S.K.: 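Before we start, here is the structure in question, set down as structure tokens.
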Amino acid sequence: MNKKILLLAALAAIAPLIARAESNSTTGAGSLSATASLRFGITIPKVLFLQIGTGTSYTANPTVDNINFVVPASSVGNGTVLAGTGGDLFLSSIVTVRLLGNSGDILLNSTTTGALSSGVASNPTVPWSDILVTTSALPNATFGFINGAIAHPAFSTGPVGGPGTPVTVAATGGRVRREGLWFYRYANSQAVPAGTYGGSAAKNGLVVYSATVP
């Protein structure tokens, strides 16, 4: 059998399964008019993006920034508030905060695992309340984002840590596109024994920030 005939036969068999746009035909001697319609639909996925410190917009980035405070020997426990080093902005304990979502308000929170420890059981610990956070706008805005202070969720000060006090980042028109910065400082409110407090997950030095939507 001719290959062309075989192809035509196959197309005829599956024709009822092929999706087609509407069509209309008119005949006559006078003015004619025919119409055909298409139906369009757009599906937008739910999106949620959170950046604290070093990050890559809209994609995962595994970098965890380190914020470190070194107390001068002459200032131990004297209440002098100290800036630190690290972070992704100016290397002075300042981090970028960026939120993007398209399904309403975003709930922002922090979670710790307990007070900052030196690893020595007999030593006192440093409470998370001694880590102070100032919020502000970024020095340079990103196109499409609202640049301004974003409230920081207060750290849990309980003996075993846990979720802190969440803050709500309000949506506008169902969307959140916000950015700002957080500046961390150490209150230096108590004279504790020498050592490195926190700095690792084992010493309760890791904070996990979370963003959630309904």
Side-chain angles (χ1 to χ4, degrees), residues 19 21 38-69 83-114 116 128-129 131-158 161-186 198-214:
L38 289 174
R39 182 176 288 111
F40 289 84
I42 301 171
T43 300
I44 306 297
K46 240 182 179 181
V47 176
L48 181 60
F49 173 78
L50 171 64
Q51 176 184 343
I52 307 291
T54 300
T56 304
S57 292
Y58 317 124
T59 59
N61 187 318
T63 301
V64 177
D65 292 300
N66 294 307
I67 305 296
N68 296 302
F69 302 98
T85 59
D88 67 312
L89 293 174
F90 318 118
L91 300 179
S92 54
S93 61
I94 301 175
V95 301
T96 298
V97 183
R98 189 168 284 121
L99 278 163
L100 182 148
N102 63 351
S103 53
D105 296 349
I106 294 177
L107 200 65
L108 183 62
N109 207 349
S110 62
T111 299
T112 61
T113 55
L116 299 162
W128 279 101
S129 56
I131 305 299
L132 311 177
V133 187
T134 301
T135 67
S136 182
L138 288 170
N140 298 296
T142 303
F143 177 77
F145 280 76
I146 297 173
N147 183 22
I150 298 173
H152 181 274
F155 298 123
S156 169
T157 57
T165 304
V167 296
T168 299
V169 182
T172 301
R175 298 168 297 168
V176 172
R177 293 179 66 89
R178 295 280 305 277
E179 64 181 6
L181 65 78
W182 288 342
F183 175 28
Y184 297 90
R185 293 175 299 160
Y186 173 50
S200 67
K203 295 180 180 180
N204 300 330
L206 183 69
V207 178
V208 177
Y209 289 98
S210 61
T212 57
V213 293

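The structure presented is a predicted model; accordingly, all values stated were derived computationally and were not measured. Residues: numbered from 1 along the sequence shown.
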S.K.: Is it true that D88 and T54 share a donor-acceptor pair across their side chains at a distance under 3.5 Å?
M.R.: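 The answer is no; no qualifying pair exists.
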S.K.: Just by distance, do the side chain of S93 and the backbone of A83 share a donor-acceptor pair under 3.5 Å?
M.R.: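 Side chain of S93 to backbone of A83, a donor-acceptor pair under 3.5 Å: no, none is there.
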S.K.: Is there a side-chain contact between L181 and S136 in this structure, where contact means two heavy atoms from C-beta onward sitting under 4.5 Å apart?
M.R.: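 A side-chain contact under 4.5 Å exists here.
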S.K.: Might you work through the side-chain contact (heavy atoms from CB on, under 4.5 Å) test for W182 and I94, ending with a clear yes or no?
M.R.: CA-CA 6 Å; W182 288 342; I94 301 175; over 6 Å; no
S.K.: Of the non-hydrogen atoms in G104 and A171, which two are nearest, and what is the gap between them?
M.R.: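 Nearest heavy atoms, G104 then A171: C-CB, 3.4 Å.
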S.K.: Output side-chain donor-acceptor pairs under 3.5 Å for residues 203-214, partner residues at least two apart or in another chain, one line each.
M.R.:
from: K203; atom 1: NZ; to: T196; atom 2: O; distance (Å): 3.4
from: N204; atom 1: OD1; to: T113; atom 2: OG1; distance (Å): 2.9
from: N204; atom 1: ND2; to: A115; atom 2: O; distance (Å): 2.9
from: Y209; atom 1: OH; to: H152; atom 2: NE2; distance (Å): 2.7
from: Y209; atom 1: OH; to: Y184; atom 2: OH; distance (Å): 2.8

S.K.: For residues S156 and G162, report the shortest heavy-atom separation together with the two atoms involved.
M.R.: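 So the two residues come closest at CB-O, 3.4 Å.
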S.K.: What's the separation between atom CG in D65 and atom CD1 in I52, rounded to the nearest 0.5 Å?
M.R.: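 D65 CG to I52 CD1: 10.5 Å, rounded to 0.5 Å.
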S.K.: Looking at W128 and T112, would you say the former's side chain and the latter's main chain have a donor-acceptor pair under 3.5 Å?
M.R.: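 It does not hold such a pair.
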S.K.: For the residue pair V97 and L138, establish whether any side-chain heavy-atom pair is separated by less than 4.5 Å.
M.R.: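 Result no, sub-4.5 Å side-chain heavy-atom pair not found.
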S.K.: Are the side chain of N102 and the backbone of V47 linked by a donor-acceptor contact shorter than 3.5 Å?
M.R.: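 Side chain of N102 to backbone of V47, a donor-acceptor pair under 3.5 Å: yes, one is there.
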S.K.: Do S103 and R175 pair up side chain to side chain, a donor and an acceptor below 3.5 Å, judged on atom types alone?
M.R.: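 S103 vs R175: no donor-acceptor pair found between side chains.
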S.K.: Shortest non-hydrogen contact from T135 to A149?
M.R.: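 That would be OG1-CB, 3.5 Å.
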S.K.: Return yes if some donor-acceptor pair links the side-chain N/O of N68 with the main-chain N/O of T85 below 3.5 Å, else return no.
M.R.: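 No, N68 side chain to T85 backbone: no donor-acceptor pair under 3.5 Å.
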S.K.: Applying salt bridge (Lys or Arg N to Asp or Glu O under 4.0 Å), name anything that partners R178, two or more places apart in sequence or on another chain.
M.R.: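 By the salt bridge (Lys or Arg N to Asp or Glu O under 4.0 Å) rule, R178 matches no residue at all.
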S.K.: Give, for atom CZ of F49 and atom CD1 of I106, the distance between the pair rounded to the nearest 0.5 Å.
M.R.: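 The CZ atom of F49 sits 11.0 Å away from the CD1 atom of I106.
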S.K.: For the pair T63 and T56, evaluate side-chain contact (heavy atoms from CB on, under 4.5 Å) and give the outcome as yes or no after the intermediate values.
M.R.: CA-CA 10 Å; T63 301; T56 304; over 6 Å; no
S.K.: Between R98 and T142, does the side chain to side chain donor-acceptor pair (under 3.5 Å) criterion hold? Intermediate values first, please.
M.R.: CA-CA 10 Å; R98 189 168 284 121; T142 303; 3.2 Å; yes
S.K.: If you measure only the distance, is there a donor-acceptor pair under 3.5 Å linking the side chains of T168 and D105?
M.R.: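 Distance-only check fails for T168 and D105.
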S.K.: I'd like to check T111 versus F155 (side-chain heavy atoms, cut-off strictly below 4.5 Å). Are they in contact?
M.R.: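 No - every pair of side-chain heavy atoms lies 4.5 Å or more apart.
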S.K.: May I have the step-by-step check of side-chain contact (heavy atoms from CB on, under 4.5 Å) for T96 and E179, ending in yes or no?
M.R.: CA-CA 7 Å; T96 298; E179 64 181 6; 5.8 Å; no
S.K.: Yes or no on side-chain contact (heavy atoms from CB on, under 4.5 Å) for T134 and R185, after CA distance, side-chain angles and deciding distance?
M.R.: CA-CA 8 Å; T134 301; R185 293 175 299 160; 3.5 Å; yes
S.K.: Looking at S110 and P153, what are the two nearest heavy atoms and their distance?
M.R.: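 Where S110 meets P153 most closely, the heavy atoms are OG-O, 3.2 Å.
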S.K.: Drop me the distance from I67's CD1 to F183's CZ, to the nearest 0.5 angstrom.
M.R.: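 Answer rounded to 0.5 Å: 10.0 Å.
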